[in-house]
Amino acid sequence: MASSRDTNNFIEEIIERDNESGKYAGAVVTRFPPEPNGYLHIGHAKSIALNFGLARKYDGTCHLRFDDTNPETEDPEFVEAIKRDVHWLGYEWGDNLFFASDYFEQLYDYAVKLIGQGLAYVDSSSMEEIRKNRGTVTEPGTDSPYRDRTIEENLKLFGEMRDGVHGDGTHVLRAKMDMGSPNMKLRDPLLYRIKHASHYRTGDEWCIYPMYDFAHPLSDAIENITHSLCTLEFENNRPIYDWLVDAVCESPRPYQYEFARLNLNYTVMSKRKLLRLVEEKFVDGWDDPRMYTIAGLRRRGYTPSSIRSFAERVGVARANSRSDVGLLEYSIRDDLNAIAPRVMAVLRPLRIELTNYDEGKVEWLEAPYFPHDVPKEGSRKVPFSRNILIDRSDFKENPGKKFYRLSPGNEVRLRYGYVIRCTDVIKNDEGDVVELKGTCDLDTRGGDTPDGRRVRGTIQWVSAEHAIPIETRLYDRLFSVENPEEGVEDFTVNLNPDSIEILSGSVAEPSIANDDPGTRYQFEREGYFWQDPEDSSPDKLVFNRIVMLKDSWEKTVKAKPATIKPRAKETVPKEVRTIVDSPATLKMAEDFGLSVELARQLSKDEAKKAIFDAIAEQAGELSAAVANWIVNELPGDVQGIDNPGPFLKMVAMFDSGDISQRIARQIQVEVIESGTDPETVVDREGLAQISDPSTLEAMADDIIARNTEKAELYRSGKKGLIGFFMGQLMQASGGKANPEVARGIIEKKLG
RNA sequence: UGCCCGGUCGUCUAAUGGCAGGACAGCGGCCUUUGGAGCCGUCGGUGGAGGUUCGAAUCCUCCCCGGGCAACCA
């Protein structure tokens, strides 16, 4: 079976079909179209990876286009931030950096053209009137009184709008579509509005600005985009896209495809909610390492490649979904595991004095940067001395059964160091452990036990006199529930109060002083860390925890928190519905010998019922078979059957077993459309059904002989494999085998 | 309540009428100088009811559930 890596998502399927048909002569041009009004987040990263990834995969190009059509919210600061983020993620747009605002003149010309075609008009209604006339989801809208203005008048008014003679909100340009459309987006969508506002790129050159529905499709068309990918909420806008592009664009034209946006559990994703977190100081800015903005992830220490592989792993589909943030964490661990040097740091130090180790003595022990299973070289020396700092959590005065670390009287190995034993516990007046005393087995330098005794625990440590003080910042999920927005008025009530813990008294081994400040480490047994790019300095080293290590110890200790989610509630119909069939339906069933279900389905479908009604008489005894075929096998786009004779004959041939259903399906379009005698088609193509048992037996023998393992599996109980054998046989016979007979033979032979 | 879209292991995603597969998570084991990594195993799914078919996750009907749409935002 194919793995997820080499199966295509639905967009790749579309592209490959288009490449095969030569629709765009093999060209693939995508685009990432952000509006420069905020920072990019991990959801955008999915879209970026999709669009740029597709271009990369199909040897195409991906444009970076700023959709800057609303001067009131946009800012050049965001343009730079977005460019930086896209670039950081590892994608290049080369010369293909565009701005919708560069197309304003061209878009204006398109609008004029549309007016000239009678497809757009200037509406002078107020905002309230427009809103009122739009109707509701259940009621159609009503036409604007300005809808029938002459082309000349529209042209004049639109020109005046551009020239600034009208005030904000006095007129808009609308597409003349359909105020009665059940799709509300199509009720004469607005194309241009007047805004006497300065645009960050075009200044005061314009006082009318195009709306998304107008600018976006036409910008795609201008740039010769082939596949325009957006999120699901734009689905209802697609008809506008098609309408506009068809109106002004020659083929091959771009097409819009929608996919599901990324949602992550334990966080919020929308720009507005992220903005609230920043503005109300729940976090410390857009690049707070707890934020799933690109800037936040970058500062936290995520690598671009980890985000790309995350996007790859979540995939692309059309079903709304909420991905597990654990998958993102897996992605960064997976990435860093292979590249991050291991060093030792102690987050919450506890001193242990090794009373048998000479005071003032220092040994520099060899410590490899990578474990045996990471194929990378390198090592450094770490100092060992009488006073050692270990993590408080690695000592337990009353250890449980499965606690393998240090406890009074017991041994633990100091990684790359010695095996030590705890001899004394020193407490303060409050009874807190403040220091330990112990001994060091001098024969175990490097960690090996010459006598072969087993030491189960190994912990990290730092020599007290050589320790480098650092601050560590431990991040946890920003929200304490999977879906912060669910069931509450204000999502901020679900904020996790412990999403950050700052430890000012941590220490690290001295070797890190010589490293590049951008180094991502694994602090052994703690997690992946790197220096905070904003707050860390040589005087005060500050480390962010990028992600914890997977910890199966935590899990065994902590009583499983209630991860038990309420099981999907049973779906019981609110009321038991009784289907009441109309007398006409029952009569039809009676008259033609149809099952009630079949009659019901047939009467439900007007087009199919009409087809049946027209030929029912002629069908005679065959009427039930014909009705069945029409309901279940006739393609939905068949409008009518002009010449029913051949079609009836085909059904008869299927009914009598002359041809298989598969073959009948195969030839039905030709038979219906051209009225060819089905017998002619069958003879010409040699499609007669094979029902002769000896022929089929020979085929079955052959297939079974070539698939002995599968046959064995079948015999041992994997009955689903019958489908495999049937498929093989149908393929071998060109679809002509009588399936019923064939199945019987296979089942008998596989016994 | 109108229209549109969707519903496959706990999560994400394949299977395009023919073997329900993969990844993450979980569980168990092996290994281990990181309670990491790795390796092996395992648990686990087609929302429901009918219909068509030799055969349905896939096609048809009805029901249930979820999402989107009534900004001069995108």
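Here is how names work: the chains are called A, B, and so on, in the same order as the sequence lines, proteins then strands, and each is numbered from 1.
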Pair [X]-[Y], side-chain donor/acceptor within less than 3.5 Å:
| X | Y | result |
| --- | --- | --- |
| A:Tyr212 | A:Asn237 | no |
| A:Tyr416 | A:Glu524 | yes |
| A:Ser331 | A:Arg313 | yes |

Using a heavy-atom cut-off of 4.0 Å across all strands, would you classify [X] as base, sugar-phosphate, or nothing?
| X | result |
| --- | --- |
| A:Tyr209 | nothing |
| A:Arg238 | nothing |
| A:Phe654 | nothing |
| A:Asn632 | base |

Can a donor-acceptor pair under 3.5 Å be found between the side-chain atoms of [X] and the base atoms of [N]?
| X | N | answer |
| --- | --- | --- |
| A:Arg600 | B:rG50 | no |
| A:Arg333 | B:rG36 | no |
| A:Glu633 | B:rU53 | no |

The complete set of salt bridge (charged side-chain N to carboxylate O under 4.0 Å, His left out) pairs with one or both residues in residues 185-195 of chain A, sequence neighbours excluded, reads A:Glu72-A:Lys195, A:Arg147-A:Asp188
Taking B:rG7, B:rG66, B:rG35 as options, the one with an atom nearest any side-chain atom of A:Asn320 is B:rG66
Of B:rG36, B:rU1, B:rG6, the nucleotide closest to the side chain of A:Arg318 is B:rG6
Between A:Phe529 and A:Tyr521, is the ring centre distance below 6.0 Å? no
Given protein heavy atoms under 4.0 Å, the one-letter contact record of nucleotides 69-74 of chain B, with B base, S sugar-phosphate only and - none, is simply SBSBSB
Phosphate contact (B:rC24 OP1 or OP2) by A:Tyr330 side-chain N/O below 4.0 Å
yes
*Compare side-chain N and O positions of A:Thr7 against OP1 and OP2 of B:rA15 and report whether any pair is under 4.0 Å apart.*
no
Here RNA chain B, pairs taken as Watson-Crick or G-U under 3.5 Å and shown with ( ), [ ] when crossing and | when to another strand, reads .((((((..((((....[..)))).(((((.......)))))....(((((..]....))))))))))).....
